[in-house]
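For reference, the structure is listed below as structure tokens.
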Amino acid sequence: MEADYKKISEKWQKKWKQEKVFEAKMNSEKKKYYVLEMFPYPSGKLHMGHVRNYSIGDSLARYKRMKGFNVLYPMGYDALGLPAENAAIKGKVNPKEWTYSRIDEMKSQQEMLGFSYDWNRSFATADESYYKWNQWLFEKFFEKKLVYKKKASVNWCDDCGTVLANEQVENGKCWRCKNIVQEKELEQWFLKITDYADELLEDLDKLKDWPERVKLMQKNWIGKSFGTEIYFKVKETKEIISTFTTRPDTVFGITYLVFAPEHPKIRKWVKGTEYEKKLDEFLAEVKKQTAIERTSEGIEKKGIFIGKHFINPVNGEECKIFVADYAVMDYGTGAVMAVPAHDQRDFLFAKKYKLPVKIVIQPKGKELDAEKINKAFVEKGIMVNSDKFNGMNSLDAMEKISDFLEKQKWGKKTVNYKLRDWLISRQRFWGTPIPVIYCEKCGIQLVPEKELPVRLPEKAEFTGKGNPLNKIKDFVETSCPKCKGKAKRETDTMDTFFDSSWYFLRYCSPKANSVFEKKEAEYWMPVNQYIGGIEHAILHLMYARFFTKAIRDLKLLKIDEPFEKLLTQGMVLKDGKAMSKSLGNVVDPGEIIEKFGADTARVFILSASNPESEMEWDEKGAENSFKFLNKIFSLVGDNKKKAEHKKELNSKEKLLQSKTQRIIKNTSELIEKLELNKAIAELMQLTNALQKFEEKESPVFWIGIEKLVLMLNPFAPHLSEELWEKIGGKGFSSLGKWPEFEEKKIDLKAEKQEEFIERIQKDILHITDLISEQPKKFIEKMQKETSAPIDSIIKQQTKLAEKMQKEEIKRIKIFTAPKWKWILLKKLFEVKEKNENKRIEFGEAMKKAIEFDKQHAQEIKGFVMAAVKKLNEMNEFIELNEIKTLKENSGELQKEFSAEIQVIEAEKSEEKKALNAFPLKPAILVE
RNA sequence: GCAGGAGUAGCGAAGCGGUCAAACGUGCUGGCUUCAGGGGUCAGUGGCUUAGUGCCUUCGGGGGUUCGAAUCCUCCCUCCUGCACCA
């Protein structure tokens, strides 16, 4: 039976909307749960990644709602950014119109999928009422000195016509357009994220429910390393320059110094000397290299001597200073002390330019020769050629030398981070205007709070060259808030990552006339479960953490971390590759929804694999989820519900009850762990169990159906509602109570037994299959073997089969005993055979066994220990009195075991005979 | 190079020290269904087999720990992901 999924979906989506089913209201009496998905950039159409992301979130939100939590589950749009502007350049459309029409498109698709968002709280970052607060926050940060402007060598993307943050440069290319990034000197705005480097690093430990991978990536990005700054005097100029090292133990091995080509001191030093021209040539060469060439592996290091020398303070040695491409301005101090003997890069450079190599650490029990080594020795060892530190372990020397340098004021212990301040200026139109005014008299001025927001002009010209804001007179020309004189507005806009760094706070009170309402935010925050792609592991997630801490320090909110749990969902693949337009393997979710309905799309995308792993999109798979839903639909639809009445449950009903209860338990646990694929597998098992259950009028069957329909809600909400209505459920299943379970009703032992019964019946059925397939062959065979007439064969076999069925339980009980038990029994039996008939306790038996068979003492002990442990653990599986009997009658061990084993053997052979002789199921014969 | 993750039937994916390898789904083979090459349903799907939930083999490969390993340790191979001239 197939349902009209389209009609059902529309019907329930309309009802949910009308009755405001998913609106969230603060209620301090009720426990809250905040589920959030990374909000999308409104490109217009949803792609499979979105569908996956939201299906995961919606399942959890619905589950938590049914579990009685006050759930906040909002959706919004990260609506500022380049694509809108690019569209404007290309198509002469207004970015605002373009963006908002795309938001509408996207929203209608999201609604079609039946996600339970509180649409009342929805907003876009392009809303004035949102970016106003971006500006407000900027000003607060400014006052706190968390924002500053400086001239810096920045990453410039020519294609995007803007500056990029360090985090947005990937392998020397722009993260968005893959254009090669250039370096440019510009005055730019920065956020002082480095102030929080330590806290951002340390608090990673608090994030117990974040994937290790993400935490690690952030840790590497922050890149904290402990080391020593060492000062050197330049011989010719008497200037003091500083270098950073993590290996102060090698300080006696320094043979030259390397400066980054961009280092500001260099130019000064070579000015007017013979080296100036050489340096210019070298710099030109370095500039020609793209970032990729410069960072590619195995590249030869190049450098030049610049005619200056320095004195190594620890030993007074005079060495040359070089400029080389392998030193970078970005890290440390931009100058490196070179120890060729103990650093591979220095080694290669020294070899190339014939610079001395001086060994100061020797491996234990070996002696290195500076002339002969062909690579640097970078490990720990024993100090040599290091004055008073000789003979010391290099690890200890590290500490000692640092202390020594500090004492002599030749250096100091420092901490270095890879993390740089966050560059937020963008030379773009479609972003939040930075609320700053430049006055010639008064300098940099903030736009007064009451004049916020600084609005983006409605009209602008998009030529693709430069920032359109620059050309809008009305926007640029303004007056100084202080002196009222003529002044100019800042035309840079903010990086859109600024917008997404606090949007989760805005959802708490989206209409607030403040950045957010403290009371609401205190109730809803932190986000309990955040879901999104791994691509944001560093950028967005680190910025959001930084904002939360900065906002805390503005005394606006008390929390340290915004996201309690994080799930990074895997990619959706097609034919083993990420879906992309260039590969032409993009599957449009719209088609699937059109073809099979929203529920199918959701169930498939969740069931195909674990949310965190990649999933392969497979058309066939979607069809199968469709079948699964149909199965449930017909299961409910085909059967008539009977009024419930109390009665003793028969064994089959008890079994179904046990299964239902067990599945409720498992499903709940799995959803909590967000192992949604497994949760759906459980529901499939329940569906199968219900379908196979014959007494479709039993109340137990209908209880099962009811639970199934409720548990279906997080995954296939429309069908769940429809069926809920059909079976006479009250209200919405979306607001129904999540099924509870009673542990005592779960009877694993009985379920196992049933499995065996089924198995035997299946065996019999199978043989009947064979018969119907080849009746002649079978009868011929039987006649041959028994040389009896067919009639009598059938009669005889009927009797046997009946007997078999009656005794089923008994036999099965024996077979249910797990294998290890038989191994144990066998083992004990073997041991006992050597013993005489003495009365011994269970534990005694073990001792005796060991005595008799010392060689296998541990083996026996192991078996018995495991047995006892298992017997205790599994007492629901094996009757306790079985253990008791074993204990009580241990004196009779030998007899009993042999008897028991004989019984088993006998029964086995009886069954064997029965199966051999009679493969027919009586019921079939009777007919 | 460094760091992290993964490798289980034809495929996706469970299992994470002993009940028990392969739940759940799909694919393939066959039966049933007034059965359309569709849908539904039942069975089979590592090898041997006396046909017995019998024996053997098997969780990327080699070693090891253990009475017992897909599971823990170790080395190697393959793939993925992140970072990378970081001093």
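Computed from a predicted model, the values in this text were never measured in an experiment. A note on names: the letters A, B, ... follow the listed sequences, proteins ahead of strands, and every chain is numbered from 1. Side chains are part of it too, since the values below use all heavy atoms of this structure and drop only hydrogens, waters and symmetry mates.
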Main-chain N/O of A/Leu201 paired to A/Lys224 side chain as donor or acceptor, under 3.5 Å: no

Treating A/Glu682 as the side-chain partner and A/Ile663 as the backbone partner, does any N or O pair qualify as donor plus acceptor under 3.5 Å? no

Those residues that, when tested against A/Lys627, pass salt bridge (Lys or Arg N to Asp or Glu O under 4.0 Å) (two or more places apart): none

Whole angstrom is fine here: how far is it from [atom1] in [X] over to [atom2] in [N]?
X	N	atom1	atom2	answer
A/Tyr326	B/A87	OH	C1'	8 Å
A/Leu216	B/A3	CG	P	11 Å
A/Lys352	B/C85	NZ	C1'	13 Å
A/Asp346	B/C85	CG	C1'	10 Å
A/Leu539	B/C83	CG	C1'	14 Å
A/Trp221	B/C2	CH2	C1'	16 Å
A/Ile534	B/G5	CD1	C1'	11 Å
A/Phe322	B/A87	CZ	P	22 Å

Which part of the nucleic acid, if any, lies within contact of A/Glu623, taking any heavy atom under 4.0 Å across all strands shown: a base, the sugar-phosphate backbone alone, or nothing? nothing

When you compare the side chain of A/Asn677 with that of A/Pro611, does any pair of heavy atoms fall below 4.5 Å? yes

Do A/Val339 and A/Thr245 come close enough that some side-chain heavy atom pair is under 4.5 Å? no

Separation between the [atom1] atoms of [N] and [M], rounded to whole Å:
N	M	atom1	answer
B/A51	B/U65	C1'	39 Å
B/A43	B/A6	P	36 Å
B/G61	B/C77	P	15 Å
B/G31	B/G38	P	13 Å
B/G54	B/G60	P	26 Å
B/U49	B/C76	P	42 Å
B/C24	B/G17	P	22 Å
B/U81	B/U66	P	40 Å

Could you tell me the Watson-Crick or G-U partner of [N], where both distances fall under 3.5 Å? Say none if there is no partner.
N	value
B/A36	none
B/A70	none
B/A84	none
B/U29	B/A43
B/C24	B/G12
B/A6	B/U78
B/C48	B/G54

Starting at the 5' end of RNA chain B and moving along, which residue's nearest nucleotide shows up first, A/Ala681 or A/Thr333? A/Ala681

By nearest heavy atom, map A/Thr246 and A/Met217 onto RNA chain B; which one lands nearer the 5' end? A/Met217

Test side chain to side chain donor-acceptor pair (under 3.5 Å) applied to A/Lys351 and A/Asn374, step by step: CA-CA 9 Å; A/Lys351 281 285 158 198; A/Asn374 53 12; over 6 Å; no

Criterion side chain to side chain donor-acceptor pair (under 3.5 Å) on A/Asn416 and A/Ser225, from CA distance to verdict: CA-CA 5 Å; A/Asn416 217 326; A/Ser225 57; 5.6 Å; no

Output one line per pair: protein atom, nucleotide atom from nucleotides 25-29 of chain B, and distance, for all N/O pairs under 3.5 Å.
{"from": "B/G25", "atom 1": "OP1", "to": "A/Asn688", "atom 2": "ND2", "distance (Å)": "3.1"}
{"from": "B/G27", "atom 1": "OP1", "to": "A/Lys620", "atom 2": "NZ", "distance (Å)": "3.3"}

Tell me whether the side-chain N/O atoms of A/Gln218 come closer than 4.0 Å to OP1 or OP2 in B/G82. no

Dump every N/O contact between nucleotides 11-16 of chain B and the protein below 3.5 Å, one line per pair.
{"from": "B/G12", "atom 1": "O2'", "to": "A/Ala608", "atom 2": "O", "distance (Å)": "3.1"}
{"from": "B/A14", "atom 1": "O3'", "to": "A/Lys678", "atom 2": "NZ", "distance (Å)": "3.2"}
{"from": "B/G15", "atom 1": "OP1", "to": "A/Lys678", "atom 2": "NZ", "distance (Å)": "2.7"}

Could you tell me which residues satisfy side-chain hydrogen bond (donor to acceptor under 3.5 Å, both in side chains) with A/Gln685, sequence neighbours excluded, listed by chain and number? none

By side-chain contact (heavy atoms from CB on, under 4.5 Å), which residues pair with A/Ala197, not counting sequence neighbours? A/Ile222, A/Tyr417, A/Leu419

Applying salt bridge (Lys or Arg N to Asp or Glu O under 4.0 Å), which residue pairs with at least one partner in residues 244-257 of chain A are found, sequence neighbours left out? A/Arg247-A/Asp249

Counting heavy atoms not belonging to A/Lys352, are there more than 12 under 6.0 Å from its NZ? yes

